[in-house]
Number of protein chains: 2
Amino acid sequence: METLRERKKQRTRDALLRAAVELFTTRGYERTTVDDIADAVDVSQRTFFRYYAGKEEAALALQELVVTRFVAAVRERPAEEAPMEALKQAVLEGWQTLNEVIEAVVPVELYLRMYRVIESTPVLLAAHLRRNMEIEEAMARVLAEREGLDVEADPRPRLAVAVFGGVMRVTERQWSTGEDFSLEAMRALTISYLEQVGPALTENWRTR
Amino acid sequence: METLRERKKQRTRDALLRAAVELFTTRGYERTTVDDIADAVDVSQRTFFRYYAGKEEAALALQELVVTRFVAAVRERPAEEAPMEALKQAVLEGWQTLNEVIEAVVPVELYLRMYRVIESTPVLLAAHLRRNMEIEEAMARVLAEREGLDVEADPRPRLAVAVFGGVMRVTERQWSTGEDFSLEAMRALTISYLEQVGPALTENWRTR
DNA sequence: TGTCAATTGTCAGCGGCTGACACTAGCCTC
DNA sequence: GAGGCTAGTGTCAGCCGCTGACAATTGACA
């Protein structure tokens, strides 16, 4: 059973996030001040900063929900699965249940719109990429453990994860600049691109 | 022949950069204010912002010197070279002449120290990654042109470049956290890691 | 040398963010 | 259920990055 205090806090937290995302996706990130967000929730600016370390954190909070689930998903993949396959399955599986997770806070449509705001706002894109890097480091450790390797000694876990991350980034970008914003489109793109990585590295591009 | 005005401007520009890098590498990025930099060059804060769009730009200016040369190097690689090979050769070739380019502005040692500051300062690392992404996009277009492909239609150029970029990032990180900061160490790491990417993706890690 | 244009300094001000301190409101004990 | 305790909030002052506007200075060029 939750205490009243905790429920109140959670409500303010959610309200701030909703207000922030709403404003970011309509007015734009740069043109939204922290005061705007705080005012929308009828809270002091200082309080906003007690819930989120900064404007950036609020803007990336939704992504964070998805990302943490992804890491957990990889951890729970069967140990006999090959590294790249485990990563792939974890993402695809993640898309499936994305709806419920997001919808608990904001409409999925808002999440997708926010995603595009991140991709198109330099400072947010930068923060997003940095976060991805942290995730990749965590994933490398997970893979290394699965395979019984030492991350510091064997570069293969980090290399594999970096490649996977690279492909995902290309996929996301392609998806976010395309016309079909459905999850199904994302899924298809992911599978297709992952299949093409190997060939793209070794094969001669002109003979195909 | 350069005019006096232009020479003066260039001098201020260089002085600002030198002062900035000097301060960043000793005092740290966050703990250095723009006023500190401006004062060190005996110039108003406003003037600093006329030369550099922000603190960040000054911090990444040295990297920018290297990066632009890399793009140019790829462009001038023989057309018959395979894509990945062209990228690899361009980087390795770039390291060779790095000394002269950097030394024209600051001691190479300072450049290397600044590199570590970037890697260890969250906001700088983020900006750095974002810049890398822009470079990758440019590189993808170069590769596509070399091979006579349409970047928008064929994902292979972007995929190859993303993979290459991923490997380079892992390499850089490994290098910057290691003990040997020589260019030779970087070179060796790059070659070794590039060789291991293919196998890391397909082979079974446990049977080796 | 005097005019014109480029460069710089000064000033005022916004927005993100933080520390300090007082106040309010939920919690827990007696 | 009254009291004290503490977590959460608002207010205020202030730093820092950054920008626009305007005045002052300094090189360029006829």
Side-chain angles (χ1 to χ4, degrees), chain A residues 1-17 19-21 23-24 26-61 117-118 121-128 130-131, chain B residues 1-17 19-21 23-24 26-61 117-118 121-128 130-131:
Chain A
M1 204 60 206
E2 266 185 336
T3 164
L4 166 61
R5 230 179 217 166
E6 280 165 341
R7 268 177 288 145
K8 251 186 159 176
K9 268 178 69 174
Q10 192 58 44
R11 236 182 296 149
T12 331
R13 180 173 209 86
D14 288 355
L16 281 170
L17 181 52
V21 172
L23 286 166
F24 291 158
T26 55
R27 214 179 290 180
Y29 178 75
E30 315 273 16
R31 300 179 41 164
T32 303
T33 72
V34 173
D35 281 312
D36 290 337
I37 304 171
D39 287 352
V41 184
D42 208 53
V43 155
S44 78
Q45 189 218 49
R46 195 66 182 83
T47 293
F48 171 90
F49 284 111
R50 286 200 252 258
Y51 282 95
Y52 296 96
K55 235 172 90 171
E56 241 180 57
E57 191 177 300
L60 299 178
V117 172
I118 294 172
T121 307
V123 53
L124 286 185
L125 178 54
H128 178 62
R130 181 173 165 282
R131 182 61 183 139
Chain B
M1 202 58 205
E2 266 185 338
T3 164
L4 167 60
R5 226 175 221 170
E6 281 164 340
R7 266 176 290 146
K8 250 186 157 177
K9 269 178 67 173
Q10 191 57 45
R11 235 181 296 149
T12 329
R13 180 173 209 84
D14 289 353
L16 280 171
L17 182 52
V21 172
L23 286 167
F24 291 158
T26 55
R27 213 180 292 180
Y29 178 76
E30 316 272 15
R31 302 179 40 163
T32 305
T33 73
V34 174
D35 281 311
D36 291 337
I37 304 170
D39 288 352
V41 184
D42 208 54
V43 156
S44 79
Q45 190 216 49
R46 195 66 181 86
T47 293
F48 171 89
F49 284 111
R50 287 198 178 96
Y51 282 94
Y52 296 95
K55 233 171 92 171
E56 240 179 58
E57 192 177 300
L60 300 177
V117 172
I118 294 172
T121 307
V123 54
L124 286 185
L125 178 55
H128 177 62
R130 182 172 165 283
R131 181 61 183 139

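Proteins come first, then strands; the chains are lettered A, B, ... in the order of their sequence lines, and each starts at number 1. Please read these numbers as outputs of a predicted model, since none were measured by experiment.
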In 5'-to-3' order, the base (B), backbone-only (S) or no-contact (-) status of each nucleotide in nucleotides 17-22 of chain C, using a 4.0 angstrom heavy-atom cut-off, is BBBB--
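Between the CD1 atom of Ile37(B) and the C1' atom of dG17(D) there is a distance of 11 Å, rounded to whole Å. The distance from atom CG of Asp35(B) to atom P of dG17(D) is 7 Å, rounded to the nearest whole Å. Note: CD (Glu30(A)) to C1' (dG17(D)) measures 13 Å, nearest angstrom. Atom-to-atom, CG of Asp36(B) to P of dC15(D) comes out at 14 Å; the value is rounded to the nearest Å. Distance CG (Leu16(B)) to P (dT7(C)): 15 Å, rounded to an integer number of Å. Atom CD in Glu57(B) sits roughly 10 Å away from atom P in dT19(D) (whole-Å rounding). Look at CZ on Arg7(B): it is 19 Å from P on dA6(C), rounded to the nearest Å. One interatomic measurement links the two molecules: CD of Gln10(A) to P of dA7(D), which rounds to 19 Å at whole-angstrom precision.
A donor-acceptor distance shorter than 3.5 angstrom exists from the side chain of Thr26(B) to the backbone of Leu23(B), with no hydrogens or angles considered.
Residues meeting the side chain to side chain contact (heavy atoms under 4.5 Å, CB included) test with Ala38(A), sequence neighbours left out: none. For Ala59(B), the side chain to side chain contact (heavy atoms under 4.5 Å, CB included) test picks out Phe24(B), Tyr29(B), Met114(B), Leu124(B), with sequence neighbours left out. Residues that satisfy the salt bridge (charged side-chain N to carboxylate O under 4.0 Å, His left out) test with Arg131(B), not counting sequence neighbours, are Glu64(B), Glu134(B). Applying the salt bridge (charged side-chain N to carboxylate O under 4.0 Å, His left out) test to Asp36(B) and every residue at least two apart in sequence or in another chain returns Arg27(B).
Using a 4.5 Å heavy-atom cutoff, the side chains of Gln10(A) and Arg7(A) are not in contact.
Between dT6(D), dT7(C), dG10(D), one nucleotide has an atom nearer to the side chain of Val43(A) than all others, and that is dG10(D). Across dC16(D), dT26(D), dG26(C), the shortest atom-to-atom separation from the side chain of Arg5(B) is found for dT26(D).
Residue Ser44(B) is classed as a base contact, given a heavy-atom separation below 4.0 Å to a base.
Among residue pairs with one or both ends in residues 46-60 of chain B, those qualifying as side chain to side chain donor-acceptor pair (under 3.5 Å) are Ser44(B)-Thr47(B); sequence neighbours excluded.
When the side-chain nitrogen and oxygen atoms of Lys8(B) are compared with OP1 and OP2 of dG27(D), one or more of them lie within a distance under 4.0 Å. Between Tyr51(B) and the phosphate of dT7(C), there is no side-chain N or O to OP1/OP2 separation shorter than 4.0 Å.
Between Thr33(B) and Asp42(A), the residue whose closest nucleotide on DNA chain D is further toward the 5' end is Asp42(A).
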